[in-house]
Structure formats: structure tokens, C-alpha cells
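Naming: A, B, ... by sequence-line order, numbering from 1 per chain.
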Amino acid sequence: MKTFRAIASVVVTIAALAIAGARPATAADSIDPDADFKAFRDYFTKRFPNVPLNDFVNGPYSMDAELRKQWQAIDDFPPYDFAIDRGKQMFATPFKNGKTYGDCFPDNGVGIRQNYPYFDLQSGEVITLELALNRCRETNGEEPYSYVKDEMASLTAYMAFTSRGKPFDIKIPNDPRALAAYQKGEEYFYTRRGQLNFSCASCHVQNPGNHIRTEVLAPALGIVAAMPIYRSEWNSMGTMSRRLVTCNSQVRGVPLKPQDELYRDVEYYLSYMSNGLPVSGPGARP
Amino acid sequence: MRAWMCLAMTLFLAGASQAASTEADFKTALAAAEAAEQEAGALKNQWIPTEQALAAAKKAAAAGDFDAAVAQAKEAEALAKASIAQAKEQQTAWKAGVIR
């Protein structure tokens, strides 16, 4: 009897371990950006085997041939060109104290878009390009710009243009705060919100290539690469902040303030998922 | 006949007492709705229709239509509570959607 009990106990233990082992690991069980990155990339490349990897940065145009033709026709006279020119001029114009934006950035701010956002170990927060630009202005005694369009879109358009083709190179330092920011971004991306009960992933993971009304949904892979964008719907340029605010509104959720910590974290997460893909901004979208 | 008259009067009075919301009713309903919406805000999950219902409630109250004001405030409270429930459910449910 004693032997039977012992055998039964071992069997139960083995069964329990097998069940635990079979349970898929959840993101919250451990933070593993490398594993997330691989799973994320595999998901999109297997789902869309005919889309070349670098073409994912072209968003809906990588999903829909007709839309791509329209875009190629539009791109003969890109609607974001004026923003690049304006941004270039703004970038070179000194502040009242004589310094320029270039003084605030590595390599004078040229060809560095692919390194943003980054996790700043000193302040313990994610620094996006938009935030860095406004902090640069404030450090030099200037008023910050609106984060969603106009001047900010022009400045980031120029900086993206100088970085076109450079592969995203987002780093997550070995610091628990950086990992926490990454995970908060991931959580935000997958969390359903708003009266329509949509997450970012509802559209950009589960339904890329499908239509919502007349729009073709872009894949999440490479979705940050074209920022900032000229959207025909907006009839103007918009930044990453504008895109996030609009997404929240479209699912009937009250948007966070532009550059809220959670918005920066989700941009950090998505940019990390885009590592290796080329900067394509500024872009044009329907 | 008298019985019918009595019943009709009773129903009329009952209806009248239900319809006539007061400013105090509105204030109570608004306070409950705003408390719920504040909680949704702390969870960073407010809904636009909640804000719209709150605005409509205040507008109706300013116009002296307390029936509409109370109805809108109650609608706002219900929406805010739904957004709180969503946020709490998603605190763990989000993991189910993660690409693995």
C-alpha cells in the first residue's frame, strides 16, 4: 500500500509538472524582449509570406496592391515634402540664445531617428524624438510645441528624412526600469479599451490587411517606421502622438495626453519590435 | 366608477411623482457619475460617451430640465462603471492576446 501511494504521488507530480510545462508562457510570467521580438516577427512573416520583410514599413500598402498603386502615384509629388523643407529650415534656425536643435542631439541630429525612442538611465524614462525636441527647446529658453502636428511634425519629418533606410536600433538596457517600461508598453498595446472594446492589437495584429470601413489596416510590424505621416484623412501632417491619440478616440476612449508615459512606453515597445527594419518616414497614408 | 376614478388619480400621481426630478436628485446622480468617472480616470480608461453624457447632464440641469439631467447622469454613471469593469478585467486578460 505504501509503495502504491508513493508511485501515485510520483505520477501526480509528473502530471502536474507536465501540465505546468505545457501551459504557454505568458508575457507577464517573465519579461523577455528577445523572445517577444522573435515571436512577433515570425507571426507577421508567416501570416504574410509574400510580403518582403522590409516592405512591412509601408503599412497598408504592403497589404493591398490597389492601394499601393495609388500610393506610388501620389509619391511622385509627396504630400509631406513641404514638411521636410520646413523642418530643415527650422532645424537650422538658431534659438534666441544662438544654439540650434543640432546642439541637443548626437551627430547634430542628422541620421539618428532610428535610435528613438531610447530609455534614459539617468531620468529612468523613455525619451521619444518628440519629447527630446521639446526638451531641447525648453532647455534653450523656447516654448514647447504641440506634440501632435504642425511644427513638431515638420521637425520630425526632417529628422526622419535624414535617417531614411537606416535600420531601427532600439536598445533595452539591462535595467529593471527599462524592462518595466517595455512591459508597460506591451501591456498597453494588447489592452482593450474604449466603448468599442478594441486594443491596438485588435486592428494591427489580428486584422492587418482587412478593412475597417474604407481603410486597410496596417500591420503592427514596422508601424512606427513611417512616422510622421501625412494623412489624407487629416489633410495635414501628424506625429506618432497624433496617431495614438486618434486611435484611442476611434475606439471611443478618452485619449491620454500626448507624450503620456504610457504612450511613450508603447512607442518604445513597437519600435523595439521594428528593430532591423528601415526608417521610411516621413510617410503618406490615406 | 368611483373605483376607476380613484385608480386613475393614483396612477396619475404616481407618474407625476416619478417624472418630477429635482435639482437635489440631479446633484446626487451627478456626484455618483463623477465619482465613477474619476475612478475610471485613475485607471486611465475613461470613455468618450461617458464624458458626453456628463456634459449633456450638466447642460440639461442648466436649462432646468432635471428629468433629462438625472437620466443623463445615470447613463454616465453606468458607462463609467462599464469602463472600470473593462479596465479591471483587462489587467490580466491582455496577456491572452500576446503573440507567442
Side-chain angles (χ1 to χ4, degrees), chain A residues 23-32 35-47 183-207 219-221 245 248-257 260-263 265-266 269 273, chain B residues 26-62 68-100:
Chain A
R23 186 175 62 88
T26 63
D29 289 333
S30 62
I31 310 171
D32 188 346
D36 290 347
F37 175 84
K38 185 176 181 313
F40 199 86
R41 184 143 305 183
D42 285 352
Y43 172 82
F44 285 100
T45 51
K46 282 177 186 164
R47 183 163 171 182
Q183 195 187 26
K184 274 197 237 167
E186 181 183 41
E187 179 176 346
Y188 193 86
F189 181 74
Y190 286 103
T191 294
R192 290 176 179 270
R193 57 177 48 81
Q195 192 188 29
L196 298 188
N197 200 36
F198 273 44
S199 68
C200 307
S202 301
C203 289
H204 302 292
V205 170
Q206 292 157 22
N207 285 292
L221 179 59
V245 163
N248 281 170
S249 302
Q250 284 172 326
V251 300
R252 299 186 193 160
V254 174
L256 305 175
K257 285 184 182 160
D260 183 284
E261 185 187 0
L262 284 175
Y263 278 166
D265 290 347
V266 77
Y269 167 72
M273 290 298 122
Chain B
F26 163 67
K27 284 183 176 170
T28 304
L30 182 69
E34 286 185 330
E37 182 64 341
Q38 201 174 357
E39 188 180 343
L43 294 165
K44 293 202 168 186
N45 192 41
Q46 291 174 321
W47 290 358
I48 289 172
T50 313
E51 295 290 309
Q52 290 169 335
L54 278 170
K58 289 173 188 169
K59 192 176 174 188
V70 169
Q72 288 290 346
K74 286 185 174 172
E75 172 83 3
E77 186 188 1
L79 287 163
K81 284 183 172 172
S83 67
I84 292 164
Q86 180 192 48
K88 288 184 175 171
E89 185 250 351
Q90 285 294 305
Q91 282 170 353
T92 52
W94 69 272
K95 295 167 197 162
V98 175
I99 298 173
R100 298 192 187 98

* Structure fact -> Greatest number of non-hydrogen atom pairs under 4.5 angstrom with chain B, of A:Ala35, A:Gly194, A:Pro255, falls to A:Gly194

* Asked: From B:Lys44 NZ over to A:Lys257 NZ, what is the distance, rounded to the nearest 0.5 angstrom?
  -> 9.5 Å

* Asked: Non-hydrogen atoms of chain B under 4.5 Å away: do they reach the side chain of A:Asp42, the backbone, both or neither?
  -> neither

* Taking all non-hydrogen atoms of both residues into account, name the closest pair between B:Gln90 and A:Tyr190 and its distance. => OE1-O, 4.0 Å

* **Structural part of A:Phe44 lying under 4.5 Å from a heavy atom of chain B** => side chain

* Once you round to the nearest 0.5 Å, how far does OG of B:Ser83 lie from CZ of A:Arg193? -> 12.0 Å

* Engaged part of A:Leu262 at the chain B interface, taking heavy atoms whose separation is under 4.5 Å -> side chain

Show every donor-acceptor pair shorter than 3.5 Å between a side-chain atom in residues 26-35 of chain B and any protein atom, with sequence neighbours excluded, or say none if there are none.
unit_1, atom_1, unit_2, atom_2, d
B:Thr28, OG1, B:Ala24, O, 3.0
B:Glu34, OE2, B:Lys58, NZ, 3.1

* To do: Let me know if A:Ser199 has heavy atoms under 4.5 Å from chain B in its side chain, its backbone, both or neither.
  => neither

* **CD1 on B:Ile99 to CD on A:Glu186, rounded to 0.5 Å** => 9.5 Å

* Kindly check if the number of other-residue, nucleotide or ligand heavy atoms within 6.0 Å of CD (A:Gln206) is above 12? => yes

* To do: Look up atom CG in A:Asn248 and atom CD in B:Gln46, then write down how far apart they are to the nearest 0.5 Å.
  => 12.0 Å

* To do: Side chain from CB out, backbone as N, CA, C, O: work out which of these in A:Ser249 comes under 4.5 Å of a heavy atom of chain B, or both, or neither.
  => both

